[in-house]
Amino acid sequence: MADTLLRFRDDAASTAPVVSLASLHDAGGNATAVRIEPGEDARLLLPLLDRLELVEVSFPAYTDGRGYSAARILREYGYAGELRAVGDVLVDQLSHYRRCGFDAFLPNQPITREAAEKAFATWPEVYQRTVDGRTPIWAARHG
Amino acid sequence: MPMYQYDTHDQAMVDARVAEFSDQVARRLAGTLSEEQFRPLRLKNGLYLQLHAYMLRVAIPYGTLNSRQMHMLGDIADKYDRGYGHFTTRQNIQYNWIKLEDTPAILADLASVGMHAIQTSGNCIRNTTADHFAGAAADEVADPRPYAELLRQWSTFHPEFDYLPRKFKVAIIGSDTDRAAMRLHDIGIQVVKNDAGETGLKVYVGGGMGRTPMIAPVIREFLPPLQMISYLEACLRVYNRYGRRDNKYKARIKILVHEIGADEYRRQVEEEFAHILTLGLEPPPAELERIKGFFADPAFDTQSADTIDRSDPDFALWVDQNVHAHKAPGHAIVTVSLKPAGGIPGDASADQIRLLADLARDYSFDELRVTHAQNIVLPHVRKADLYAIWQKLDAAGLANANLDLIGDIIACPGLDYCSLANARSIPVAQKISERFADPARQAEIGELKLKISGCINACGHHHAGHIGILGVDRKGTENYQLLLGGSEGADTSLGTIVGPGFSEDGIVDAVEKATQVYLDRREDGERFLDTYRRLGVAPFKEAIYG
Ligand code: SF4
């Protein structure tokens, strides 16, 4: 499994056990790594953002786009830890994942780092401001 | 020229897409991508695998294009298709006989005139549609196209909304007269002015056709225009998170709005909107102003004669039917009907497409529009030029004087092309338009919007037809249901099924009987729809089945 993990962060990967959202408040309430499923509300994590160092967002099927919103919401509220897309994660979607704030990927089918970096560079520019810090075209136009 | 022009940023985005897709097609042709892997990628570029060949759907943002672009559409029809293009109810054009290996070249040709096939399919935000008389109509409050262009840019490769529960369609208008079926879209926007004279946007969410047709309720009465992007981010985010994904047929936003109620949907959107406003996602006022600059009025010739010489009766008939009032004196709006008797609704030959391009260049400030009724508009024509235009159209078989009459049929591609179809639409449209081919008879019947879909997906808008026809599969044979009483304008309503279905010839007879009831029973000035609404379905049912 470790060899399919792609990380685009400088810090060391979390070694904490990953718990489900439901069990986040169990176990003494100090878990630092959590996994959320498509139907789960990412906003429930907002009170805990300072404590968390890894959030896994599950993509059972690439066609289920709820995880994009989950990721963006977490980043919009200031989450700075690792945000990992897990599951049916495809190379042709990587640039969108990145724009929504994911900085780590654990795909079912391995993706090379080179292919991932090529995917991130798909769009020379972007039309929207998201959480990835890229300058939208409208801002470039108007300085 | 009153049209948006790409700058280097816009061009770079489209070019990047051509490069990406060329690479994907090469991988597919080399066999390193399977059809299964390729499918979602080609769908992002409007490339469908139909019954007999690939179909390519090209985006025409808010239905507006210039003569160079139109010319290119004609050339593509010649070079890569069988000499035809098909204009759709989504203001786009489709080519039905495309070879996969040609698609990179087609996209490159399109990109050379600032066009593309981005997001013309898939569960993403589709091409925004708009009033086809925008910027020209006498009754306009404000031109909706600058907002439509802002939406085009915002929705292009939007990273969060690429895998929504289902496809997502936005329509925008700027008049009280709704010519875009705006309330039958996932989001409908109307540019309005309030009592203080300020411009705002009235936002409707949750309309649609398909198997559960719904008319969108108002979700926001008055939105400041410079909050539009933030507000739509909120609308889409609530839908992306909570729209149903367990059943394809319940996945459109109309079902979400219906199930939780407009009030609850509005509450959730407002909550999300308040958060999003803090993020600075909105383009600055200068960007809206920049875009508006492209849509400034062209230099209308206000000295031009404001009268029309009607001495040629055939011309006069066409003027009465196909020409609308323009906001500038001495000018008019021409709608060219792509509905000849016995023809395929929305089809145009390469030569016809190029002729229309030339007419736009010579007579309409270089501009054309595609309507959702599958016709072409020359929006800014001098009245003095109408006769010359009509003669050229007539010589090319394009002077059909049947706009909004029974011959002006909307029909989806149906079983002749579409793999989802239950029945053919095109032959039914052809037989009906032949049955009513006599122009005098059509004029006698007056306004009658007839719409045909080849299956419940309703691409032919049958719910919104004064007369609607729905193709169904009845024990393995094609069968047609008749609906009456639909409408898509300011008085939007949904048609109701009259009774048991018909064979192909039977449905043509049923339509004729319905029009006869109207002719027999109408009162002063009533249209077919008015008579139907006054009398109800009973007398029609009796005449058709009795
Ligand atoms: S209505 Fe049905 S048959 Fe017609 S184009 Fe749409 S999916 Fe195809």
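Because the structure is a prediction, the values reported are computed rather than measured. Because only heavy atoms are used, hydrogens play no part in the values below, and waters and symmetry mates are left out as well, while side chains stay in. Numbered from 1 within each chain, the chains take letters A, B, ... in sequence-line order.
Taking CD of A:Glu76 as the reference point, atom OG1 of B:Thr278 lies at 7.5 Å (rounded to 0.5 Å). Between atom CG of residue B:Asp7 and atom CZ of residue A:Arg141 there is a gap of 4.0 Å, rounded to the nearest 0.5 Å. From A:Asp92, atom CG reaches atom CZ of B:Phe38 across 10.5 Å, with rounding to the nearest 0.5 Å. Interatomic distance, B:Leu279 CG to A:Arg75 CZ, rounded to the nearest 0.5 Å: 14.5 Å. Within the model, atoms CD of B:Glu287 and CD1 of A:Ile137 stand 9.5 Å from one another, a figure rounded to the nearest 0.5 Å. Here the CG-CG distance, from A:Asp64 to B:Leu164, works out to 11.0 Å after rounding to the nearest 0.5 Å.
Within a 6.0 Å sphere centred on CZ of A:Arg7, other residues, nucleotides and ligands contribute more than 12 heavy atoms. Within 6.0 Å of NE2 on B:His258 lie no more than 12 heavy atoms contributed by other residues, nucleotides or ligands. When the shell of 6.0 Å around CD of A:Gln109 is examined, it contains 12 or fewer heavy atoms from other residues, nucleotides or ligands.
Considering all non-hydrogen atoms of both residues, B:Met13 and A:Val126 come closest at CE-CA, 4.2 Å. Contact record, B:Glu20 with A:Thr122: OE2-CG2, 3.7 Å, taken as the closest heavy-atom pair.
Using a 4.5 Å cut-off between heavy atoms, B:Leu41 touches chain A through its side chain atoms alone. Interface residue A:Asp41: backbone and side-chain heavy atoms are both found under 4.5 Å from chain B. Using a 4.5 Å cut-off between heavy atoms, B:Asp246 does not touch chain A at all. If you measure heavy-atom distances from B:Arg290 to chain A, the contacts under 4.5 Å come from the side chain alone. Contacts of A:Glu125 with chain B are made by both backbone and side-chain atoms, with heavy-atom separations under 4.5 Å. With a 4.5 angstrom heavy-atom cutoff, B:Arg241 touches chain A via backbone and side-chain atoms both. With a 4.5 Å cut-off on non-hydrogen atoms, B:Glu233 touches chain A through its side chain but not through its backbone. For chain A, the nearby parts of B:Gln153 are the backbone and the side chain; heavy atoms of each come within less than 4.5 Å. For B:Asp10, the parts lying near chain A are the backbone and the side chain together; criterion is any non-hydrogen pair under 4.5 Å. Only the side chain of B:Asp162 comes within less than 4.5 Å of a heavy atom of chain A; its backbone N, CA, C and O stay farther away.
Looking at A:Tyr127 and B:His9, their side chains never come closer than 4.5 Å, going by heavy atoms from C-beta outward. Contact check for A:Tyr68 versus B:Pro159: no side-chain heavy atoms found under the 4.5 Å cut-off. Side-chain contact check for B:Phe157 versus A:His96: some heavy-atom pair is nearer than 4.5 Å. With a 4.5 Å cut-off on side-chain heavy atoms, A:Lys118 and B:Asp23 count as touching.
Between B:Tyr163 and A:Tyr62, the ring planes are perpendicular. Angles over 60° get that label, and only those under 30° would be called parallel.
For B:Glu160 (side chain) and A:Gly65 (main-chain N/O), no donor-acceptor pair under 3.5 Å exists by modelled atom type. The backbone N or O of A:Ser69 sits nowhere less than 3.5 Å from a side-chain atom of B:Arg237 that would complete a donor-acceptor pair.
Of the residues considered (B:Ala16, B:Ala286, B:Ala19), B:Ala286 shows the highest number of contacts with chain A, using heavy-atom pairs under 4.5 Å. With chain B as the partner, the residue from A:Tyr97, A:Tyr77, A:Trp138 showing the most heavy-atom pairs under 4.5 Å is A:Trp138.
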